[in-house]
Amino acid sequence: MSRKKKHRKPALRPDRSRPEGAPTEKPGKAPEAGRARPGRRRGLVLGLVGAAAVAGFILYYVLAIAPARVRVRLPGGASLNVLLFTLDTTRADHLGCYGDALAKTPSLDGLAASGVRFSRVYCPAPLTLPSHTSIMTGLFPLKHGVRNNGHVLPGGIRTLAEILKAQGYATAAFVSSFSVDSRFGIGRGFDVYEDTFEPQKSLKGPNTQRRAEETFDRFSRWLDKAPSGKFFCWVHYYDPHLPYDPPSPYKEEFGSRLYDGEIAYMDHYVGAVLDRLRAKGLLENTLIVVAGDHGEGLGEKVELGHGIFLYEESLRVPLIFNNAGVLTRPGVVEGTVRLVDVAPTILELLGLNKETAGMQGRSLVAWLGGARRKDLDSVVETFFPRENFGWSELVGIVSGAWKFIQAPKPELYDLGHDPAEAKNLFAVSAGRAAALKAELEAEIVRLSAGGATAGAPAKTRAEDLERLKSLGYVNFAPAKQGSAAPDPKDQVGLLKLIQKAQALEFDGKLPEAESVYGEIVRAIPDSPESYVDLAVIQARQKRVDQALETMRQGLVRLPDSETLLVRLGLTYALAGKPREALETMDKVLAMDPRSVDALT
């Protein structure tokens with residue numbers, strides 16, 4: 001849940017290798033003069049039929065199967081550029097190339113039609129920073145450690161930009177949201193990291209942003225002065241985030257479908273980037289990669305936004321690769337893949353296979369080449385409910401057509417027959433649920449360790465549960481009876497209240513929003529974010545002293561909250577109280593000597 005800004009196996013083709021309506025010979029009739037004997041004639045007929053079948057199959061393969069198979073020319077070339085688009089908050093099923101007949105996405109549709117589109121792609125977390133960090137590192141959140149927006153990528157974990165910079169690439173990034181600000185470590189390896197926006201805001205939230213046209217303008221200016229050698233460029237668009245407010249003419253054209261209007265507006269600036277590359281003579285020598293970071297709940301399961309639940313609308317994203325020189329035939333890959341597979345795929349396409357060592361994602365080059373591969377299991381998680389509201393974290397696994405979600409009230413869905421996840425089968429399919437839970441636990445332990453070690457002694461169940469708890473997955477084994485945090489599914493009434501407050505804030509009805517945020521503080525007084533949200537609304541109404549008092553009240557209840565201390569320090573600075581700001585930030589540094597907010 002953020003503030004501002006089906007898969008089915010393809011049906012088998014009918015067997016057309018045997019001609020229909022072929023005449024059959026009646027038995028018992030004597031052979032006519034001048035004709036072969038029955039046995040010889042029968043052999044001849046069977047031979048002709050067999051030859052026709054083989055010829056028919058070859059023709060069918062050439063006309064029907066071969067064009068759908070993609071060919072990959074490896075390596076992509078020592079001088080091939082890479083342009084990575086990441087589309088924030090973009091559901092795959094709201095693009096034309098993914099089947100939405102009402103979508104207006106000609107630029108993305110064109111890339112899909114002339115490139116390779118993956119039909120079933122999962123993000124590792126329905127949150128901007130964790131998901132982007134996985135794209136850039138090839139690691140799952142439990143390994144790279146960025147479990148929520150605002151976390152910092154630890155040192156020692158290589159990013160795609162660092163790898164390519166070391167290979168001689170000029171590197172540049174143009175991002176559209178504070179969620180991926182360079183202070184969180186995701187900017188490592190970039191020569192240029194353009195993340196300066198809304199400079200007038202002293203209290204920036206994770207959804208502080210700028211429109212696609214502004215980000216495009218900065219990219220365009222960089223391209224005019226870019227070095228003449230190969231480059232890796234990342235362009236991040238954030239527009240389909242709440243509140244949905246596309247500029248004209250998209251607002252008028254899309255009416256009540258403003259989310260789709262934001263996507264259409266963003267698509268225009270995807271095309272603008274491609275046009276600039278084409279005008280500079282760079283498009284043919286540039287590998288284009290398009291990836292969504294997560295989807296968006298539009299009320300299907302109460303959630304308006306993302307981050308709370310692990311349902312399909314928040315997890316399924318687009319993924320497209322395009323370069324005619326490398327991917328010589330367009331196609332669609334039907335198997336299940338993950339965003340952690342993006343970095344290793346790019347590196348193999350560039351002939352840098354050795355640089356994928358240590359990544360948990362798999363290169364998808366074999367899939368791009370048309371080979372059939374087994375669906376890749378996807379581990380998905382969200383710590384947003386726990387860190388922001390004190391509710392339970394959720395973790396799940398998508399394995400083939402099945403999804404299992406570990407929660408205080410676990411969930412099991414057969415996505416092949418129930419893509420809308422309308423029927424929880426946990427109670428009626430206990431065996432499958434137990435097997436998937438065991439698979440999920442084993443996968444978490446394996447991924448957290450970086451992979452299995454040959455000959456390592458088997459761990460006991462107790463050791464595995466301790467490992468799971470140490471990784472933050474508390475609801476696998478609560479410390480004592482009744483100690484589990486509440487299931488987000490049981491908090492939908494409070495979720496609706498939170499969404500109401502956000503809607504009022506988005507509409508500029510600040511006094512009404514303040515009243516509702518006050519209700520939320522009383523409902524969840526152990527949530528640091530509830531105090532922050534209320535204080536921000538008060539500060540926006542020029543009542544900074546009251547905002548300070550709100551955060552001090554929060555610290556009385558939550559004295560060790562780094563979130564509240566950081567916000568308190570920033571608000572003191574905003575109020576013109578530098579001494580109090582420095583004293584507060586010193587407390588933050590005592591808790592976390594690496595705190596970027598306190599150090600800057």
Side-chain angles (χ1 to χ4, degrees), residues 1-3 86 88-89 123-162 173 175 177-190 193 195 204-209 236 238 241 293-294 305-308 310 314 339-340 343 360 379-395 444 447-448 469-474 485 527-529 532 558 560-567 569-570 585 588-589 591-600:
M1 182 186 66
S2 292
R3 311 180 41 202
T86 58
D88 215 294
T89 324
C123 68
L127 294 162
T128 296
L129 184 59
S131 192
H132 274 92
T133 306
S134 289
I135 292 172
M136 292 297 180
T137 64
L139 301 174
F140 285 92
L142 64 93
K143 190 64 176 179
H144 60 59
V146 179
R147 318 297 285 275
N148 198 359
N149 291 332
H151 289 195
V152 178
L153 178 65
I157 296 177
R158 292 192 312 162
T159 67
L160 184 60
E162 288 177 302
V175 301
S177 167
F178 182 73
S179 296
V180 286
D181 190 280
S182 58
R183 72 184 64 195
F184 303 122
I186 198 169
R188 292 205 299 259
F190 285 101
Y193 200 89
D195 59 353
K204 291 184 181 180
N207 299 313
T208 303
Q209 64 158 320
H236 165 247
Y238 192 75
H241 238 269
D293 69 334
H294 55 73
H306 53 270
I308 297 292
L310 294 178
S314 295
L339 287 182
V340 292
Q360 294 175 325
V379 174
V380 294
E381 69 171 43
T382 178
F383 275 69
F384 186 86
R386 193 173 88 185
E387 293 195 0
N388 291 63
F389 303 114
W391 306 338
S392 177
E393 77 285 350
L394 302 177
V395 59
I444 289 172
L447 291 172
S448 67
K469 285 196 290 183
S470 73
L471 294 168
Y473 301 111
V474 178
S527 166
E529 291 294 331
V532 170
L558 304 166
D560 297 325
S561 172
E562 184 178 343
T563 297
L564 281 172
L565 280 170
V566 166
R567 287 291 184 162
L570 293 173
M585 289 307 188
V588 174
L589 290 173
M591 298 169 62
D592 179 9
R594 299 178 301 171
S595 171
V596 177
D597 292 294
L599 290 170
T600 56

Does the pair Ile135 and Thr86 meet the rule for a side chain to side chain contact (heavy atoms under 4.5 Å, CB included), with working shown?
CA-CA 9 Å; Ile135 292 172; Thr86 58; 4.2 Å; yes

Side chain to side chain contact (heavy atoms under 4.5 Å, CB included) evaluation trace for Leu570 with Met585
CA-CA 9 Å; Leu570 293 173; Met585 289 307 188; 3.9 Å; yes

For side chain to side chain contact (heavy atoms under 4.5 Å, CB included), just list the numbers for Glu381 and Arg147, CA-CA rounded to whole Å, side-chain angles, deciding distance to a tenth of an Å, and then say yes or no.
CA-CA 8 Å; Glu381 69 171 43; Arg147 318 297 285 275; 2.7 Å; yes

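At a threshold of 4.5 Å between non-hydrogen side-chain atoms, the residues Pro124 and Ser131 count as touching.
For the atom pair CG (Leu564) and CG (Asp560), the distance works out to 11.0 Å, reported to the nearest 0.5 Å. Summarising the geometry, atom CG belonging to Leu153 is positioned 7.5 Å from atom OG1 belonging to Thr159; distances are rounded to the nearest 0.5 Å. Summarising the geometry, atom OG1 belonging to Thr133 is positioned 10.0 Å from atom CG belonging to Leu139; distances are rounded to the nearest 0.5 Å.
The side-chain hydrogen bond (donor to acceptor under 3.5 Å, both in side chains) check on Glu562 picks up nothing, with sequence neighbours excluded. The side-chain contact (heavy atoms from CB on, under 4.5 Å) check on Val340 picks up Ser134, Phe140, Arg338, with sequence neighbours excluded. With sequence neighbours excluded, no residue forms a ring-ring contact (aromatic ring centres under 6.0 Å, His included) with His144. Applying the side-chain contact (heavy atoms from CB on, under 4.5 Å) rule to Asp88 yields the partners Thr128, His132, His236, Tyr238, His241, Asp293, His294; only residues at least two apart in sequence or on another chain are considered. Annotation: salt bridge (Lys or Arg N to Asp or Glu O under 4.0 Å) contacts of Glu162 (sequence neighbours excluded): Arg188.
The salt bridge (Lys or Arg N to Asp or Glu O under 4.0 Å) analysis of residues 124-142, with sequence neighbours excluded, yields no pairs.
The minimum heavy-atom distance linking Leu394 with Ile308 is given by the pair CD1-O, 3.3 Å. When all heavy atoms are compared, the tightest approach of Tyr193 to Asp181 is CE2-C, 4.2 Å.
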